[in-house]
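Below: one structure, written as structure tokens.
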Amino acid sequence: MKAPAQSAAARALPVAWVGGLLGLTVALALASLLVGSTDVPTSLRWLLSPDAQSDTVLWQIRLPRTLGAWCAGALLGLGGAIAQGLFRNPLAEPYLLGTASGAALGVTLCLLAADSSFMGIAFWGKLGLTSSAFVGACGAMALTLSLSRGVLQTANLLLAGVVVSFLLSAVTGLVLLSSPNAWRALQGFLLGTTGFLGWSSVLLLATALTACLIPAVLLSRGLDALTLGEDTAQSLGLSLPTLRIAMLGILSLATAAAVGQVGVVGFIGLIAPHLVRQALHVNHRRLLIAAPLVGGVLLQAADLVSRAVWRPIDLPVGSVTACLGGAYLVALLWRRARDV
Amino acid sequence: MSEPGDIALGCHGLSAGYGARTVLQRIDLAIPAGTWTAVIGPNGCGKSTLLRALAGLLPARAGEVRLLGRRLTDWPRRDRARRLSWLAQGAPATELTAGECVALGRFAHTGWLSSRAAADEAAVERAMRATGALDWANRRLSTLSGGERQRVHIARALAVEADVLLLDEPTAHLDPPHQEDVARLLRAQAREREVAVVSAIHDLSLALAADRVIVLGSEGVIGQGTVQDALAGDWLSRAFSTRVDIVSSDGVPLWRPRIG
């Protein structure tokens with residue numbers, strides 16, 4: 001049978017793309033090892049027998065940092081792809097929906113309650129942070145959805161998301177105003193930073209990525225069906241409430257895990273799915289696999305830029321993605337306006 | 001599969017609406033298997049509302065809908081979706097390929113993992129061949145014309161291979177020869193597969209080619225029955241609140257616009 005057999009072959013993600021993105025990831029990881037506030041020698045002989053300080057810088061700071069950035073970027077890319085499919089809105093993403101701000105508020109409250117700062121938190125502490133970020137993300141999502149009165153009016157959705165985002169950021173600011181010490185510790189976090197990433201973060205992020213990616217890909221046909229309209233999706237035998245709750249849960253978890261480790265990093269969730277769609281024909285299964293790969297590379301690259309441009313100072317990675325992402329958003333809107 | 005003449009889909013005392021507005025009030029309908037029924041009526045009389053309520057997409061405010069003798073709300077979701085297929089008005093352009101779109105019609109059979117069996121592949125191919133959409137199987141819907149997309153969506157509804165097929169304006173966006181094809185296809189589904197086909201159709205001549213009609217006016221159902229019943233009772237003039245001329249051309253009823 002001609003047609004469906006061909007479409008079955010077309011359904012797999014092109015190997016060249018996956019290979020290329022993974023290759024880029026490795027290249028960026030290697031580059032990240034060599035760039036930073038401390039200079040390390042780069043000869044092969046040294047790599048085989050490094051001194052103690054360089055050893056720490058390379059394997060305990062830079063490697064987990066770039067791997068963690070990749071995982072967090074992948075989670076944000078996945079979150080954006082889910083949000084855009086679920087709300088059938090090409091501009092939906094964790095940052096613009098307010099989910100990220102909710103997660104940040106959760107992290108802030110958790111740190112204040114525990115009277116702790118980011119430095120030197122162990123794995124269980126980070127898990128606690130992620131949990132409270134998850135509660136915050138779910139709360140923000142619920143607030144955005146109720147403000148936009150359900151998910152039907154997608155035009156209002158982003159407006160509600162931006163309102164919730166401002167509101168929760170303001171609450172976070174007020175909370176921090178009452179404790180100046182915490183404010184100093186959290187300033188970097190609220191701007192988005194890869195500076196706190198250690199091996200425990202990598203472990204946590206990788207676990208969260210697996211836990212989000214598998215159910216998302218299994219449920220991807222539901223997002224395909226939604227592109228035909230809600231009535232049609234329902235008539236196909238799909239339970240819309242189940243799909244929505246599951247996808248919102250995954251979206252909140254992905255956002256919370258990323259925000260819990262790198263803070264508020266915007267626009268990765270917006271850009272990654274867009275780049276994939278521009279390059280490839282995508283159904284949602286392919287999109288949900290490819291967008292994390294692209295998101296990972298983007299945040300890794302942003303992390304590298306944040307360390308390279310103004311040495312020896314590390315810029316907050318969130319400000320790098322905000323600059324790049326803001327420019328991308330403007331270009332996107334401009335192109336749309338021109339096409340219409 | 002139901003026998004011809006059995007009531008495949010019916011409703012009793014059905015009321016439905018949106019918000020404060022009740023569009024349909026206490027409607028009784030009986031739609032037999034193996035027939036093609038056209039729903040006719042002026043704009044805004046509730047044709048889409050009726051079809052959505054019959055499909056269970058709009059909850060009934062009163063009364064009940066019965067599918068194959070069983071209350072619609074008592075059917076398990078998947079089982080119901082295998083027996084009742086629905087085509088929405090408008091043909092959305094998505095990034096899915098035509099083949100992927102039509103394969104979604106098998107969702108109720110295959111489930112989430114889309115492990116399609118040979119029977120599902122065959123149903124998809126049959127449906128695409130029937131609407132002439134097979135050539136575009138690997139084209140994205142967003143790259144097809146409105147009429148081509150409509151034919152892909154009709155194939156998606158056919159691929160369910162359900163006992164009841166509800167279609168809201170299936171001939172919209174199509175040129176006259178393709179409208180003819182779709183009408184022929186609907187009739188064949190009714191005659192050959194014993195499907196109860198219900199379609200809202202704007203074109204009166206095309207609608208009168210159906211086996212039966214349900215005529216809606218602003219006050220509710222004017223009548224339901226064979227095309228002959230409708231013509232004898234002049235239901236159309238009552239529905240549209242103006243004289244509607246139907247002429248016979250070699251026994252085929254045709255609408256004649258009154259212009260000059």
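The basis for the numbers below is simple: all heavy atoms, side chains too, and nothing from hydrogens, waters or symmetry mates.
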Do A:H281 and B:R140 have side chains that get closer than 4.5 Å, going by heavy atoms?
yes
So do B:H153 and B:P170 actually touch side chain to side chain, heavy atoms under 4.5 Å?
no
Interchain contact, [X] with chain A, by part (heavy-atom threshold 4.5 Å):
X: B:R82; answer: neither
X: B:L84; answer: backbone
X: B:R80; answer: neither

Tell me, out of B:L166, B:V160, B:L141, B:L96, who's got the most heavy-atom pairs with chain A below 4.5 Å.
B:L96
If we define contacts as heavy-atom pairs under 4.5 Å, which of A:D231, A:L228, A:V217, A:L238 has the most with chain B?
A:D231
Which one of A:S239, A:A225, A:G222 has the most heavy-atom pairs closer than 4.5 Å to chain B?
A:S239
side-chain hydrogen bond (donor to acceptor under 3.5 Å, both in side chains), paired with A:Q84, selected from A:E93, A:R277, A:H284:
A:R277
Could you measure the distance from the CE atom of A:M247 to the CG atom of A:L86? Nearest 0.5 Å is fine.
7.0 Å
Salt bridge A:D224-A:R221, side-chain N to carboxylate O under 4.0 Å:
no
Looking only at side chains, do B:H178 and B:R151 share a donor and an acceptor under 3.5 Å apart?
yes
Where does A:L226 contact chain B at under 4.5 Å (heavy atoms): side chain, backbone, both or neither?
neither
